[in-house]
Amino acid sequence: MTEQIEPDLSVFFTAKSVAIVGASNQFGKVGYDVVHNLAQFGYPGEIIPINPKSKEIQGYKAYKALTDYPGEIELVFISIPSKYIINVIEEMGQLGIMHVVIISAGFRETGSKGARLEQELGEKLKHYGIRAVGPNVVGLVDTHTPLNGSFAARMPIKGNLGFISQSGALITGILDWSLAEGMGFSKFVSLGNKLDLDEVDFVRYLSQDEHTHAILAYLESITYGDKFIEISRQVSQSKPIIVIKSGSSKAGARAASSHTGSMSGADTAYDAAFEKAGVIRARSVEELFDTATAFSTMPLPRGPRLCIITNAGGPGIIATDAAEFAGLELCVLAADTIEYLQSELPAAASTINPIDVLGTGAEREYGLTLNAVLADDNVDMVLVITTPQGMSEPVKVAHKIIELHQQYPDKPIAASYMGGVDLAEGTSILKKNGIPTFAFPERGITSLLGLWKYAKIKQDMSKRLLEPEQFEANKDEVLEIFDSVINKGRVTLLGSEAIAVARAYGILAPDTRTAFSITEALRHAEAIGYPIVMKISSPDIIHKSDIGGIAINVKTEEEVRQQFTKMMNAGRQNYPQAAVMGVDIQEMSKVGRELILGVSEDPQFGHMIMIGSGGIYANYQKDVSFGITPINKIEATTMLERTRIHKILQGVRGEAPSDIERTINTLQRVSQLVTDFPEILEMDINPLFVFDENQGINAVDVKITLDRTKILKRQEEEIS
Amino acid sequence: MKCNLLITSINPGVGKTTFTLALALKLNSKGYKIGYFKPICDNYDYTDSADAKELLHMDEDLKTICPTTVTPFEYDMPDEQVEQIKTDIMDAYNRIRPNYDFLIIEISRKAAYLAYLNLSAKYLAKMLNAKVLILTEGRDVEDADRFIFGLNYFTAADVEVVGGVMTLVPQEMLEHFKTVVIPKLQNVHKLNILGLVPSQGSIAAPTVEEICSKLNARVLAGKSYLDNLVENYQVGAMSPEIALKYLRRVTRKAVITGGDRHQLVIAALETDTSVIILTGSILPPAAVLSKAEEKGVPILLTASDTYSTVRALTDQPIYGKLYLKQTDKIDAWNEIFETVDYKKIIELLEC
């Protein structure tokens with residue numbers, strides 16, 4: 001419930017006394033594990049088991065009910081059947097206990113009955129202002145307090161990564177794995193059904209937590225997307241947020257939606273939202289943790305320039321490929337570095353990045369090379385690759401890397417110790433000393449890339465946070481059109497109405513008028529002037545050209561009559577149920593480069609704006625780039641630059657460049673329009689003709705769909 | 001002394017029953033004492049008459065309000081039976097007529113119904129001392145032709161037509177009808193146009209409950225929301241990635257799709273949806289039902305396939321009945337009678 005005032009969640013991790021409702025002596029019960037974990041992992045506060053049938057639980061005095069405990073309880077864990085939980089909340093409310101972790105399942109994940117129960121539970125929590133984690137969670141863990149309020153089997157190593165997970169099972173799995181990997185965590189939070197507290201609350205909390213250096217999250221859905229973006233934009237300026245959002249494949253989306261009941265299809269929306277929010281997106285669990293590892297100990301690089309040091313050619317090339325594909329640059333070493341390396345390394349060694357110290361490379365070669373490149377201003381980060389060869393000294397090299405990292409603490413280093421048995425000791429020493437170390441070079445690249453991505457986010461965020469420019473617009477006219485459309489019982493605008501809306505926001509578009517009869521059509525054509533364009537006008541027909549519903553270059557009255565009749569008949573034949581209103585008569589436009597510009601309201605993140613190659617093949621070309629509104633000029637420019645058609649707009653094969661400036665301007669204007677009018681659900685300009693430089697654009701076909709409920713609500717508010 | 005008002009249409013499916021009841025309600029509220037009379041029902045369930053009895057607080061029993069039934073399956077009935085029907089109608093009419101200022105008489109289906117047995121609208125109008133109000137849809141200019149046809153049909157039989165009302169007129173066409181079509185109907189064809197009822201979904205919309213009973217469906221979620229009105233139907237056959245775009249273009253709709261298409265259901269729940277009808281007896285995941293419950297949208301499950309379900313719903317459209325508890329609908333009708341000249345109707349009924 002992020003609409004409430006920023007909650008203080010520290011009690012969940014540092015409570016001085018915790019009660020466990022459903023505490024048990026019976027091994028195998030969740031109520032057993034929670035008490036056991038609190039006790040065995042050194043929770044320093046008061047443990048208060050609640051169980052009506054036992055006097056003592058695992059050596060602690062048990063109470064029949066919360067009300068029976070004489071002292072103060074700060075936090076409650078609940079692990080009893082779902083239907084009894086409301087009573088416990090009621091008791092908490094009476095006692096003034098404001099924090100609860102509802103571990104029990106049996107709510108919305110079970111169907112409509114469970115959903116109703118969860119709604120009731122939510123109302124009860126709200127009534128007392130009690131903040132809740134869950135239901136349906138593994139629990140939560142703080143390694144610093146320490147407080148292990150979960151039914152996971154183990155306690156994580158103390159560290160500085162905070163992990164939020166919508167999957168409880170992932171937590172138990174990761175926890176177990178992290179013990180083997182030696183990876184440390186500050187906190188684990190299981191979100192479960194997110195009835196009250198959700199990812200936004202915990203991202204915000206972890207951003208202020210001194211023990212957490214990086215925030216990691218596994219999410220299947222985001223409850224309040226706009227809040228998520230808003231908070232993450234602030235947080236990401238001080239701490240990295242790395243998220244793995246599952247359900248990005250079609251089948252994955254299907255699985256995720258069946259698991260959570262939420263929309264997860266629009267993966268592009270998540271990409272756009274994460275970019276806006278400054279969140280680093282991981283595509284796999286491995287990527288999530290490879291990225292996170294570096295944040296635990298390494299500084300941020302100044303730039304993307306990577307230097308690779310290897311003792312074998314093959315792995316060096318693999319790393320080079322991975323770096324380039326990922327968007328890192330292989331740095332060009334300074335001349336004196338190369339000269340120095342040439343003088344110190346064997347003649348056969350490669351002294352050009354990637355640097356190959358050869359199979360004979362040992363502590364000395366690695367040491368002098370690493371030292372030289374860390375001192376080189378052209379190098380922003382280093383990947384050290386070691387393979388087991390006859391003369392390798394993996395342990396000594398490890399110590400050298402650690403020593404040099406201490407000497408150059410401002411440049412991140414990752415290591416790839418390619419091997420298993422022979423390199424185990426070196427690997428272990430490196431990891432213990434905070435050097436992100438992996439068996440294979442690609443993972444080392446992932447790790448360094450994460451640092452660079454975050455460095456870039458920090459660099460760019462200030463520009464991205466600039467308020468968008470406000471253009472002059474006729475809001476009243478738009479308001480009037482929208483009201484009239486809704487009052488006529490429609491949610492889709494006729495072509496002429498949509499064009500009028502665009503024009504009200506300074507988006508250049510041709511004069512367009514709707515005719516209900518041939519007589520009217522002739523009158524409009526006369527007023528606009530031949531030749532004209534004719535388009536069938538129906539709120540129900542989306543693809544007009546498919547049924548012959550568009551005619552261009554109509555030159556005579558006779559043609560107007562013929563086309564009108566043809567279009568109306570075709571409309572009625574192809575769409576017998578559709579309301580075919582008439583025909584739009586439009587001023588003829590010269591032809592430009594065809595772009596598409598669209599907006600769709602994403603249920604999670606709000607208006608998602610899109611630009612790319614347009615025309616009738618737009619759906620197939622898939623050359624589009626997305627952003628979340630409102631966007632400023634920098635964001636609009638980045639969006640356009642990311643499309644393939646941008647190159648063509650710049651002018652290729654001797655063609656004149658197109659009016660990129662006006663295109664970006666139009667993108668910003670559309671962003672302003674949909675920001676001013678949240679009731680716009682969908683908007684499409686296709687094609688958007690872009691003419692040569694300084695010649696402008698023309699939005700010849702505009703479609704808009706409105707949200708009836710939002711408009712009615714606004715109308716009601718205006719009346720009251 | 002007032003004549004009775006007989007309401008009929010050239011084509012079925014113009015919202016006749018709801019219009020008739022709403023007109024009666026309106027006149028009652030204006031202080032007239034109006035009774036509803038349906039001389040011949042076309043089936044044996046008497047729902048229209050029962051609704052009228054309830055809405056208008058009529059004391060007569062259903063057998064008086066609708067004394068006879070003739071279905072389309074008995075055109076071969078003997079002449080004596082036809083005579084008996086006429087007698088029964090007259091008997092009931094004589095019982096009910098004195099209790100009211102006048103009766104509003106509804107004709108089953110359309111004006112020509114039972115013409116073969118000499119029991120069509122024009123015979124009944126004569127028999128029951130009624131003047132005729134013709135309803136027609138106003139979706140298309142061709143509907144004007146139907147008015148003229150109706151006017152000629154009744155006047156040729158010496159039955160007086162008080163005028164016509166156009167229903168279901170698309171809002172965009174209102175202006176066109178008002179300025180172009182209607183003046184000609186009035187001036188040239190001498191037909192009083194007594195109302196132009198704009199198309200407004202909520203008027204004829206059935207409730208989810210009505211749809212559910214028609215389909216014999218099972219309610220999986222949203223039991224508390226069966227009063228939702230359904231104004232449109234949409235088949236969920238698109239891919240989930242583009243579904244929102246299409247689903248958003250249709251409001252207050254029933255989305256009909258297979259039970260295995262749960263992503264589509266979730267998308268539909270994000271849009272203006274009144275009910276989701278899952279076909280093929282495939283249950284969706286629990287999380288989807290929870291979502292529906294939260295959004296206040298019922299989910300129905302039917303054993304039949306999507307095509308048959310759509311046919312069942314649209315081949316014979318379900319016209320939502322007017323219930324007293326449906327204040328939405330009654331409000332909508334009241335608004336509409338701003339556009340219907342009921343005073344003129346009363347005036348023209350003078351005998």
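Scope of the values below: all heavy atoms of this structure, side chains included, with no hydrogens, waters or symmetry mates. Residue numbers begin at 1 in each chain, while the letters A, B, ... track the order of the sequences. The structure displayed is predicted, hence computed values, not measured ones.
With respect to B:K245, the side-chain contact (heavy atoms from CB on, under 4.5 Å) criterion is satisfied by exactly one of A:T705, A:D684, A:L681: A:D684.
Proximity of B:L244 to A:P603: side-chain heavy atoms (C-beta onward) are separated by under 4.5 Å at one or more points.
Nearest approach of B:E293 to A:Q119, heavy atoms of both residues: O-NE2, 3.9 Å. Between B:A286 and A:T110 the shortest heavy-atom distance is CB-C, 3.3 Å.
Of the inter-residue distances, the one linking B:R249 atom CZ with A:E682 atom CD reads 8.5 Å to the nearest 0.5 angstrom. In this structure, OG in A:S112 is found 15.0 Å from NZ in B:K291, a value given to the nearest 0.5 Å. Atoms CG and NZ, on B:D272 and A:K710 in that order, are 12.0 Å from each other to the nearest 0.5 Å. Atom CD of A:Q604 and atom CD of B:E270 lie 7.0 Å apart (nearest 0.5 Å).
Only the side chain of A:T492 comes within contact range of chain B, with heavy atoms under 4.5 Å apart. The contact between B:L220 and chain A is made entirely by backbone atoms, counting heavy-atom distances below 4.5 Å.
Heavy-atom contacts from other residues, nucleotides or ligands closer than 6.0 Å to NZ of A:K113 number 12 or fewer. In A:K703, the NZ atom is crowded: over 12 heavy atoms of neighbouring residues, nucleotides or ligands sit closer than 6.0 Å. Annotation: A:Q715, atom CD; neighbour count of heavy atoms from other residues, nucleotides and ligands within 6.0 Å is above 12.
A donor-acceptor pair under 3.5 Å is formed between the side chain of B:R248 and the backbone N or O of A:E601. When atom types are taken as modelled, the side chain of B:S290 and the backbone of A:G111 share a donor-acceptor pair closer than 3.5 angstrom.
Among residues at least two apart or in separate chains, there is no salt bridge (Lys or Arg N to Asp or Glu O under 4.0 Å) pair with a member in residues 175-189 of chain B.
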